[in-house]
There are 2 protein chains.
Amino acid sequence: MSDKIISPFFGQHNHAHCTQEALEQAEVSCAGKGLKLTALRKEVLTIVWQTHKPVGAYDVLEELRTRGHKPSPPTAYRALDFLVHAKLIHRLASLNAYIGCPAPDEGHQGQFLICTQCKSVAEIEDLRIIKAIDATAASTGFNANRQSIEITGLCGACESQT
Amino acid sequence: MSDKIISPFFGQHNHAHCTQEALEQAEVSCAGKGLKLTALRKEVLTIVWQTHKPVGAYDVLEELRTRGHKPSPPTAYRALDFLVHAKLIHRLASLNAYIGCPAPDEGHQGQFLICTQCKSVAEIEDLRIIKAIDATAASTGFNANRQSIEITGLCGACESQT
DNA sequence: CACCTTTTTGTTATAGTATTACATAACAGT
DNA sequence: ACTGTTATGTAATACTATAACAAAAAGGTG
Ligand SMILES: [Zn+2]
Ligand SMILES: [Zn+2]
Ligand SMILES: [Zn+2]
Ligand SMILES: [Zn+2]
C-alpha cells in the first residue's frame, strides 16, 4: 500500500480516546528520548489535542488563562517549540497554527489535508509523494531535508452537506 | 516525462533576461484576463523579480521607499495580493514571503525547493506529486483545491561548497 | 544536606507580519 | 461634465513571534 492515512479525522469519533492515546504516547516517547514532558508542556499538549482543528499560540495562551495560569507569549511558544522538536505536534505554516501528531514515533514529515469549511485537519503519509519529492530533488541536485505539504480543500463530510 | 523544472535557478544565469521575460509575460497575461497591471503593481512585480530569493512585504515597502514612494503596509499587501491572484507571483507560507512565478499562464500550483544556505528558491511542477495528492485526496473523499508544497534543503551549488 | 550547574519558567519589552476602516484620487462609461 | 467603480493614500490597530534578563526548579556531587 503506497499511502497511509494517519489521522482520518473528518467526522465523528471517540475523541477522548484520541487525546488519551496521544498523551500516553507522549509520555512513552519522551521517556525514551530523555526529554522532560513537564506539567506545563503536558498541559499545552492537552490543549492542542482538544480538537482536530489547528490551534494558534495565542489560543493556547487564552486556554492556559482559563486554567489558572497567567502566561505571557514566550510561555506558549516555548512549550509549543518543545512539542514540535519532540515531534509530538506539527506546525502548519499556512495557518500559523499547531496540531497534534497522532503518530509521533514514526519520524515522518507531516502532510496535511485542511478543510476550509469545518477547519479540521487530517494528517497523512503518502509514500508516493515522498518518493516523488526525493526523485525530483535528486534530479536537480537538491538535497531535501524538510517538507511542508499542506493541502487545502473540502473534506467529504463538508462536501456532502452542500 | 513526469516532472518538469520550471525555474532551476540555483546558480549563475542571465537574470536580466528572467526579469524582462517575467514583465513581458505579465503584460500579456493581464491583458488577456482583463486585469489592470498598474504602474504600482508593475513596480512591485519588478521588485519581487530582482532576485530568485523570496521577498517579504516589508522588503517591498523598503524598496518602494528607495524609489521615491512613501508607502504604508496596505500599499505593499494590496499589490502583492493582486499579483498573487493574477498568478504572477506565489506566496511562500513557510517564509512569509513572495517569489515571482516564471510560468504564470500554466495554471499550476507551486512546488518549491528552498535552499537554506543561499536562500534561493526554485519552482517545480512534478506531476507525480500532483497525482499522488489527487489520489490520496480521492481515497479519503477529500476535495483538494489548493496545495502548498515547500521543500527545504541545500541546493547542489551550496552543497558542493561544503 | 549544602553547593553548584543546567534547565525550565516568569516577566517585560519589542520586533515582525498583516488587516481594518475610511479618505482621496484615478479611471471608465455615459 | 456626471457617475459609479476601482485603485491608492493614510492612520490606526490586530495578530504573530522573539529577545533579553530574572527567578525558580531540577539534578548531580562531595
Ligand atoms: Zn479525535
Ligand atoms: Zn470539513
Ligand atoms: Zn534569474
Ligand atoms: Zn543554495
Side-chain angles (χ1 to χ4, degrees), chain A residues 26-27 30-31 33-48 53-86 88-99 114 119 148 150, chain B residues 26-27 30-31 33-48 53-86 88-99 114 119 148 150:
Chain A
E27 298 274 11
C30 285
K33 295 179 197 165
L35 298 175
K36 285 190 279 192
L37 188 63
T38 63
L40 176 64
R41 291 165 175 171
K42 196 191 294 189
E43 194 157 14
V44 172
L45 181 60
T46 306
I47 290 169
V48 170
K53 305 186 203 321
V55 176
Y58 282 75
D59 296 332
V60 170
L61 278 170
E62 194 60 36
E63 183 65 24
L64 282 173
R65 276 191 197 103
T66 70
R67 298 176 177 218
H69 298 70
K70 298 181 189 66
S72 307
T75 300
Y77 281 103
R78 284 193 287 232
L80 290 166
D81 285 350
F82 169 87
L83 295 171
V84 168
H85 286 123
L88 299 173
I89 65 176
H90 295 285
R91 181 172 185 273
L92 300 174
S94 66
L95 299 173
N96 297 327
Y98 300 82
I99 191 154
I114 303 169
K119 312 296 182 193
S148 168
E150 301 175 19
Chain B
E27 298 275 11
C30 286
K33 295 180 198 164
L35 298 175
K36 285 191 277 193
L37 188 63
T38 63
L40 176 65
R41 290 165 176 171
K42 197 191 295 189
E43 194 157 15
V44 172
L45 181 60
T46 305
I47 291 168
V48 171
K53 307 187 203 319
V55 176
Y58 282 75
D59 295 332
V60 170
L61 278 169
E62 194 61 35
E63 183 64 23
L64 282 173
R65 277 191 196 104
T66 71
R67 298 177 177 217
H69 298 71
K70 299 182 188 65
S72 305
T75 300
Y77 281 103
R78 284 193 287 231
L80 290 166
D81 286 350
F82 169 86
L83 295 171
V84 167
H85 286 122
L88 300 173
I89 66 175
H90 296 286
R91 181 170 187 275
L92 299 174
S94 66
L95 299 174
N96 297 327
Y98 300 82
I99 193 154
I114 303 169
K119 311 297 182 194
S148 168
E150 302 176 18

Asker: Roughly how many Å is it from NE2 in H69(B) to P in dT8(D), rounded to a whole number?
Answerer: 10 Å

Asker: Are the side chains of R41(B) and L45(B) in contact, using a 4.5 Å heavy-atom criterion?
Answerer: no

Asker: Please report the shortest heavy-atom distance between V55(B) and V60(B), naming the atom on each side.
Answerer: CG1-CG2, 3.7 Å

Asker: Under a 4.0 Å heavy-atom cut-off, which of residues 74-81 of chain A touch DNA chain C?
Answerer: P74(A), T75(A), R78(A)

Asker: More 5' along DNA chain C: L95(B) or A39(A), using each one's nearest nucleotide?
Answerer: A39(A)

Asker: NE2/H69(A) to CG/L61(A) distance, rounded to the nearest 0.5 angstrom?
Answerer: 11.5 Å

Asker: After noting the C-alpha distance and the side-chain angles of K53(A) and I99(A), does the key distance pass the side-chain contact (heavy atoms from CB on, under 4.5 Å) rule?
Answerer: CA-CA 7 Å; K53(A) 305 186 203 321; I99(A) 191 154; over 6 Å; no

Asker: Tell me: CG of L35(A) to C1' of dT7(C), nearest whole Å?
Answerer: 13 Å

Asker: Can you name the closest pair of heavy atoms from E150(B) and I114(B) and give their distance?
Answerer: CB-CD1, 4.0 Å

Asker: Can you tell me the distance, in whole Å, between the CG atom of L40(B) and the P atom of dT10(D)?
Answerer: 12 Å

Asker: Please report the closest heavy-atom contact between C30(B) and F82(B), naming both atoms and the distance.
Answerer: SG-CZ, 4.3 Å

Asker: Taking all atoms of both residues into account, what is the closest heavy-atom pair of Y98(B) and D81(B), and its distance?
Answerer: OH-OD1, 4.5 Å

Asker: Separation of K70(A) atom NZ from dA24(D) atom C1', in whole Å?
Answerer: 16 Å

Asker: Could you state the CG-P distance from L61(A) to dT9(C), rounded to the nearest angstrom?
Answerer: 14 Å

Asker: Identify which nucleotide among dT18(D), dG9(D), dT16(D) has an atom closest to any side-chain atom of P73(A), counting heavy atoms from C-beta outward.
Answerer: dT18(D)

Asker: In whole angstrom, what separates L92(B)'s CG from dA18(C)'s P?
Answerer: 11 Å

Asker: In whole angstrom, give the distance that lies between atom NE2 of H85(A) and atom P of dT8(C).
Answerer: 13 Å

Asker: Taking the minimum atom-to-atom distance to the side chain of R41(B), which one of dT16(D), dT8(C), dA7(D) wins?
Answerer: dA7(D)

Asker: Between F82(B) and N96(B), just flag the one whose closest nucleotide in DNA chain D comes earlier from the 5' side.
Answerer: F82(B)

Asker: Remember a base hit wins even if backbone is also touched, and classify T38(B) as base, sugar-phosphate or nothing at under 4.0 Å, heavy atoms.
Answerer: sugar-phosphate

Asker: Do Y58(B) and dA15(C) share a donor-acceptor pair, side chain to base, under 3.5 Å?
Answerer: no

Asker: Closest approach to the side chain of K36(B), judged atom by atom: which nucleotide of dT7(C), dA7(D), dT11(C) is it?
Answerer: dA7(D)

Asker: Would you kindly give the CZ-to-C1' distance between R65(B) and dG9(D), to the nearest whole Å?
Answerer: 13 Å

